[in-house]
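Below is one structure, written out as structure tokens; the observations come after it.
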Amino acid sequence: MLTSLYIKNFALIEELSIEFSKGLTIITGETGAGKSILIGALNLVLGSRASTDLIRSGCSKAVIEAILIPETPQRLATILEEAGLGIEEELILRREISAKGQSRCFINDSPCTLQVLKKAGNILIDLHGQHEHQLLLHPETHVSLLDESGQLTPLVESYRTTFENLKRKRRELEKLTADSNRLREKRDLLEYQLQELASLNLKQGEDVDIEEKITLHEHAETRFSLCSSLNELLYDNDRSAFVQLAEAVQQLSRLAGIDKSFSSYLEDAESAKTLVEELSRTVRHYSEDIEFNQEHLEILRERHMLLQRTGKKYGKSIEELIDFQEEIAAELSMENNLSERTEHIGSEIDSLRKELSNRAARLSAERHKTAAELEAAIARELESLGIPHCIFKVMITRDSSDDGDIIHNGNRYSALENGYDRIEFLISTNVGELPKPLAKIASGGEISRVMLAMKSVLAENTRLPILIFDEIDTGISGAVADAVGRSLRGLSRTHQIILITHLPQIAAMADRHLSVEKTVEGNRTISKVRKLDDEDHIAAVANLISGRQRSDSSLRAAAELVEHAKKEDQS
């Protein structure tokens, strides 16, 4: 529900705040008073294109703010969450237009894009200017209106679940096919790389180990020479360390026999003698194992060069080459798994196609039943609104496709998000004329009444937003105007309706009557909005009957129209 509208520095409006309520709100006023300015302001706050020409002369910016209470906040939740905004019980839409050409949008005082503001506004308010009809003139909205009219939403949701599952499985299949093609293209290279790396029989740390062995072989003579010298110094010499330590042990033994304090030193000397003897033995054994094998050294060098070339070729270390070899082997073995997986997903897709076809056929059958009921109901409603002999047609078509996912009666059709039906509402308002799309109806009055008829029929089962009509009475009068007024008042019992009218029959139906008046203050023209009480309401209706020169008879006629409207509610 729209609870209030605040406008500042917009066209002829300096500043005003309008309170709205449930039911039927009628806006009247003389031509040029500024009634359409209110609709223009609402259009802007709902995301329509802005122009600096609309800013009040001499002002830096215009501000329009609408406060609403969403009756179905869940429909807004996704849009607001994607924009990083939270859903609240009260929704404030604000638009600021700068004289410099800049436009700023806000939802609940948080900045947002114009697109987000427009999406939210389209869900909240359905605004109809004489040539600016929205929801019902767009064929893409007809399918949802038909489904809601027939309460087919559960069928649509079950179809859509299968549709999304099919899309997901097809994406999986596309990825598997791409992986399989990629493997097929790379197979020769991968097999060559695997064979090359496998033939090397790589081992962790092998390159470091080979480098150490090459160093030892290249210095074999030096190592042997050093070992010989060490043996002479340690053991194989008359004055070797071992011989001298043996003499020292003898001397310390005699000294310790005399002075016990040298006993510990004697033990140290004996340990040193033993250590030198063991070291000499180790050096001797080491020298015996030294190889002078030039052929083996060349083999090591060749292996080392091969490892270096392979590492440089692949840009990897030995450890990375080993991991790479394992990855290649795993990738090649994956091809068999991909083939099995592809076949399995193909079977799942076939099964989902059958399920989707069944769900689409069932949904389509229900739509055809609902369409027949809707056609008759809207034709009846239009007849009561002064369009007799009207033909309203729900055209249901399908897109044939050689590779479509839906198969019905041996034919293939393209699968859409909400079935395989394309829905468009057609109408003929003149005898002998074939039904045409709603957008091609020439008469503004007929367009308004078609909209009203459709909304009246759909209101019970659909979640139409707040309804705002600008001059719905175009091209009608007399009994038709009375019928339109009664239809509007009946629809307003369940939907908030705000409309501009020039007809007394419609104005008399108001639950709340607002009068737009233009005055001159301080050499400036200003538009204002005044809420009328019961007496002023009757007077305003009388003005619509007889113009400014209202008479007692016009006042009585106005009072009768208002009283008649009240009795309609009681009956």
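Since we're looking at a predicted model, the values are computed, not measured.
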Between [atom1] on residue [X] and [atom2] on residue [Y], distance to nearest 0.5 Å:
X: Ile97; Y: Leu44; atom1: CD1; atom2: CG; result: 4.5 Å
X: Ile423; Y: Leu374; atom1: CD1; atom2: CG; result: 10.5 Å
X: Leu532; Y: Ser515; atom1: CG; atom2: OG; result: 5.0 Å

Between [X] and [Y] (side chain of the first, backbone of the second, donor and acceptor by atom type, cut-off under 3.5 Å), is there such a pair?
X: His513; Y: Ile26; answer: no
X: Ser364; Y: Ala360; answer: no
X: Ser110; Y: Phe106; answer: no
X: Ser456; Y: Leu452; answer: yes
X: Thr501; Y: Ala507; answer: no
X: Ser48; Y: Asn43; answer: yes
X: Ser357; Y: Ile407; answer: yes
X: Arg398; Y: Tyr413; answer: no
X: Lys61; Y: Lys100; answer: no
X: Arg353; Y: Asp405; answer: no

So, are [X] and [Y] salt-bridged, with charged N and O less than 4.0 Å apart?
X: Arg530; Y: Glu517; result: yes
X: Glu366; Y: Lys369; result: yes
X: Lys531; Y: Asp536; result: no
X: Arg168; Y: Glu164; result: no
X: Asp511; Y: Arg489; result: yes
X: Lys528; Y: Glu521; result: yes

Have a look at Pro435 and tell me which of Ile427, Leu426, Val394 forms a side chain to side chain contact (heavy atoms under 4.5 Å, CB included) with it.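 Between Pro435 and the candidates, side chain to side chain contact (heavy atoms under 4.5 Å, CB included) is satisfied uniquely by Leu426.
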Look at atom [atom1] of [X] and say whether more than 12 heavy atoms of other residues, nucleotides or ligands are closer to it than 6.0 Å.
X: Gln115; atom1: CD; value: no
X: Glu89; atom1: CD; value: no
X: Asp533; atom1: CG; value: yes
X: Arg362; atom1: CZ; value: no
X: Glu535; atom1: CD; value: no

Between [X] and [Y]: side-chain donor-acceptor atoms closer than 3.5 Å:
X: Thr397; Y: Arg422; result: no
X: Glu417; Y: Tyr159; result: no
X: Arg95; Y: Ser103; result: yes

For Glu14, which residues count as a salt bridge (Lys or Arg N to Asp or Glu O under 4.0 Å) partner, sequence neighbours excluded?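 For Glu14 there are no salt bridge (Lys or Arg N to Asp or Glu O under 4.0 Å) partners, ignoring immediate neighbours.
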Not counting sequence neighbours, which residues clear salt bridge (Lys or Arg N to Asp or Glu O under 4.0 Å) with Asp179? List them please. Lys175, Arg182
Going through the distances and angles, do Arg486 and Asp482 end up as a salt bridge (Lys or Arg N to Asp or Glu O under 4.0 Å)? CA-CA 6 Å; Arg486 284 186 281 105; Asp482 182 62; 3.1 Å; yes
